[in-house]
Asks: 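Got a structure for you, questions after.
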Amino acid sequence: MARFLLPKAAECTEVLAPVHGKSIMEVCMLLLYAMILLPGIADSEHQVKSFLSHTAYLPCYFANSQKTDMKDFRVFWQNGHEVVHEVYYGQEKHDNLSPKYINRTKMDMGKWTLQLLNAGIGDEGQYKCIIQHSEKGSPKVIHTSECSLHIIANYSQPEIAQLHTGKLKPNEHLNFSCSSSGGYPEPEKMTWLISHENKTHRLTHHMDVSQDPVTKLYNVTSKLSIPVPTSTLINVSCLLHLGEQLGTLVSEPLSIEIHVEEIVQMKTNFFGPLIAVIILITLLLGFVILKKNRNISSTNQNLAPKIIELCQSSSLEAIQFDTEAIIQTADWEPSLHIARPEVPYS
């Protein structure tokens, strides 16, 4: 390639010399750098993306500027050590193909592009195109290029599910899950958007990833737990980030509306039982105190007749009985003063 470009560089120098003067050397250096870099550009690796189960197009990036007939070329496509396709002097050959590529490849001669039918995840990898030209009976490699095949499978739209059941209560949490399935490659992350009162909060939680052992497709799930909102309306959305080149999938927003009356009712249901317990304890304490007072009054009433009867029937010596012991027995503290009766003399 260099020996064809040098004369052009000389011609370019002669034309530019009268105009630029001292810049002739700079132009020559740029041309030399271009000649060095051109082979590297031809061998550079290109990225090719194809949807799962669709046809993948693997270009060879060969211009064929000389319009040479295909009968003068040998073209090979390889994936590692496996032969993917072969065109032998204008005729497609299948003798040396890897079994996994038989009846799955064909070449577009006009575009120098290989078509890989029913592309699957197992077909991912680097594909190399090699072109040989026959000169004087001896084939020589005149072009090589590589491309990397990546398979894409669309994920399902993320779907949000509510995990909580029953009526909402204060100081509890709302639990959600967001899931998407059947996609490839593995996504980067999953985020949540919580919108209420004209504010939006973005949350990133752990994403569980599982891969089907047969299809190699991914299923992803993320969970979210937030306090029961005090605002009347919130919107919850889930975003699945597939990558810089594949974009983002967004779920349908989930709206949760709680009326003010329901919030007040939830607070009443919470404090109602507590108030009832306090009232019950108060009533029990009052009943115990009242019963104790009644027992003390009954004891005092039973003790007074016994003392009077004792005073009337006892002799003078009996009356002098130690009344302090009686008072202690009845648990009665007030002192008792009994007048000595006058005994008539006979």
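A quick note: this is a predicted structure, and the numbers were derived from the prediction, not measured.
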Asks: Is the ring centre of Trp77 less than 6.0 Å from the ring centre of Tyr127?
Replies: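 When the ring centroids of Trp77 and Tyr127 are compared, they turn out to be at least 6.0 Å apart.
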
Asks: Any heavy-atom pair between the side chains of Trp112 and Ile131 that's under 4.5 Å?
Replies: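 In short, these two side chains touch, coming nearer than 4.5 Å.
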
Asks: Using a 6.0 Å cut-off, check whether atom CD of Gln211 has over 12 heavy atoms from anything other than its own residue.
Replies: yes

Asks: Cys178 and Cys238: sulfurs closer than 2.5 Å?
Replies: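 The sulfur gammas are closer than 2.5 Å, so yes.
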
Asks: To the nearest 0.5 Å, what is the distance between CD1 (Ile160) and OG (Ser237)?
Replies: 5.5 Å

Asks: Walk me through it: do Leu114 and Tyr57 pass the test side chain to side chain contact (heavy atoms under 4.5 Å, CB included)?
Replies: CA-CA 6 Å; Leu114 178 67; Tyr57 295 89; over 6 Å; no

Asks: Using side chain to side chain contact (heavy atoms under 4.5 Å, CB included), reason through Leu280 and Thr282 one step at a time and then give a plain yes or no.
Replies: CA-CA 5 Å; Leu280 179 60; Thr282 304; over 6 Å; no

Asks: Return the minimal non-hydrogen interatomic distance between Ser156 and Leu249, and the atom names on each side.
Replies: O-CD1, 3.9 Å

Asks: Give a yes or no on whether the backbone of Cys147 and the side-chain of Gln126 come within a donor-acceptor separation of less than 3.5 Å.
Replies: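 No, Gln126 side chain to Cys147 backbone: no donor-acceptor pair under 3.5 Å.
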
Asks: Looking only at side chains, do Trp192 and Ser222 share a donor and an acceptor under 3.5 Å apart?
Replies: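 Judged by distance alone, the side chains do pair up.
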
Asks: Under 3.5 Å, is there a donor-acceptor pair between the side chain of Asn79 and the main chain of Val83?
Replies: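 Flag not set: sc Asn79 to bb Val83 has no pair under 3.5 Å.
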
Asks: Between Ser179 and Thr221, do the side chains contain a donor N or O and an acceptor N or O under 3.5 Å apart?
Replies: yes

Asks: Do you see a donor-acceptor pair shorter than 3.5 Å between the side chains of Glu146 and His46?
Replies: no

Asks: Using 0.5 Å steps for rounding, measure from the CD atom of Glu124 to the CD1 atom of Ile152.
Replies: 9.5 Å

Asks: Once rounded to the nearest 0.5 Å, what's the spacing between atom CD1 of Ile121 and atom CG of Leu217?
Replies: 4.5 Å

Asks: Give me the atom names and distance for the closest heavy-atom approach of Leu242 to Leu246.
Replies: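 The answer is CB-CB, 3.7 Å.
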
Asks: Please find the pair of heavy atoms, one from Asn175 and one from Ser225, that lie closest to each other, and give the distance.
Replies: OD1-OG, 2.9 Å

Asks: More than 12 non-hydrogen atoms from neighbouring residues, nucleotides or ligands closer than 6.0 Å to CD on Glu92, yes or no?
Replies: yes

Asks: Evaluate whether atom NZ of Lys189 has more than 12 neighbouring non-hydrogen atoms of other residues, nucleotides or ligands under 6.0 angstrom away.
Replies: no

Asks: Is it the case that the side chain of His143 and the backbone of Cys60 share a donor-acceptor pair, with hydrogens and angles ignored and the cut-off at 3.5 Å?
Replies: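 Checking the backbone N and O of Cys60 against the side chain of His143, a donor-acceptor pair under 3.5 Å is found.
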
Asks: Considering residues, nucleotides and ligands other than Asn103, do more than 12 of their heavy atoms fall under 6.0 Å from its CG?
Replies: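 Counting neighbours around CG of Asn103, 12 or fewer heavy atoms of other residues, nucleotides or ligands fall under 6.0 Å, so no.
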
Asks: Decide whether Asp108 and Thr113 meet the rule of one side-chain donor and one side-chain acceptor closer than 3.5 Å.
Replies: no

Asks: For Asn96 and Glu86, work out which heavy atoms get closest and say how close.
Replies: ND2-OE1, 3.5 Å

Asks: Identify the two heavy atoms, one from Gly120 and one from Arg104, that lie closest to each other, and give their separation to 0.1 Å.
Replies: N-NH2, 4.4 Å

Asks: Between NZ of Lys93 and CZ of Arg74, what distance do you get to the nearest 0.5 Å?
Replies: 7.5 Å

Asks: Run the numbers on Leu239 and Arg202 for side chain to side chain contact (heavy atoms under 4.5 Å, CB included), then give the verdict.
Replies: CA-CA 10 Å; Leu239 286 72; Arg202 182 183 294 267; 4.2 Å; yes

Asks: Please evaluate residues Met190 and Thr204 with respect to the criterion side chain to side chain contact (heavy atoms under 4.5 Å, CB included), reporting the C-alpha separation (whole Å), side-chain torsions for both, the decisive distance (0.1 Å), and the verdict.
Replies: CA-CA 7 Å; Met190 187 175 282; Thr204 301; over 6 Å; no

Asks: Identify the two heavy atoms, one from Tyr101 and one from Leu116, that lie closest to each other, and give their separation to 0.1 Å.
Replies: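 Heavy-atom minimum between the residues: CD2-CD1, 3.8 Å.
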
Asks: Looking at Tyr89, does the NZ or CZ of Lys71 lie under 6.0 angstrom from its six-membered ring centre and within 45 degrees of the ring axis?
Replies: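 No, Lys71 does not lie over the aromatic ring of Tyr89.
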
Asks: Considering residues, nucleotides and ligands other than Lys106, do more than 12 of their heavy atoms fall under 6.0 Å from its NZ?
Replies: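 Atom NZ in Lys106 is not crowded, with 12 or fewer foreign heavy atoms closer than 6.0 Å.
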
Asks: What I want to check is whether the side chains of Ser195 and Thr200 have a donor and an acceptor closer together than 3.5 Å.
Replies: yes

Asks: Report the distance from atom CZ of Phe73 to atom CD of Gln132, rounding to the nearest 0.5 Å.
Replies: 11.5 Å

Asks: If you measure from OG on Ser134 to CG on Asp72, what distance do you get to the nearest 0.5 Å?
Replies: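 Answer for the OG-CG pair, Ser134 versus Asp72, is 7.0 Å.
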
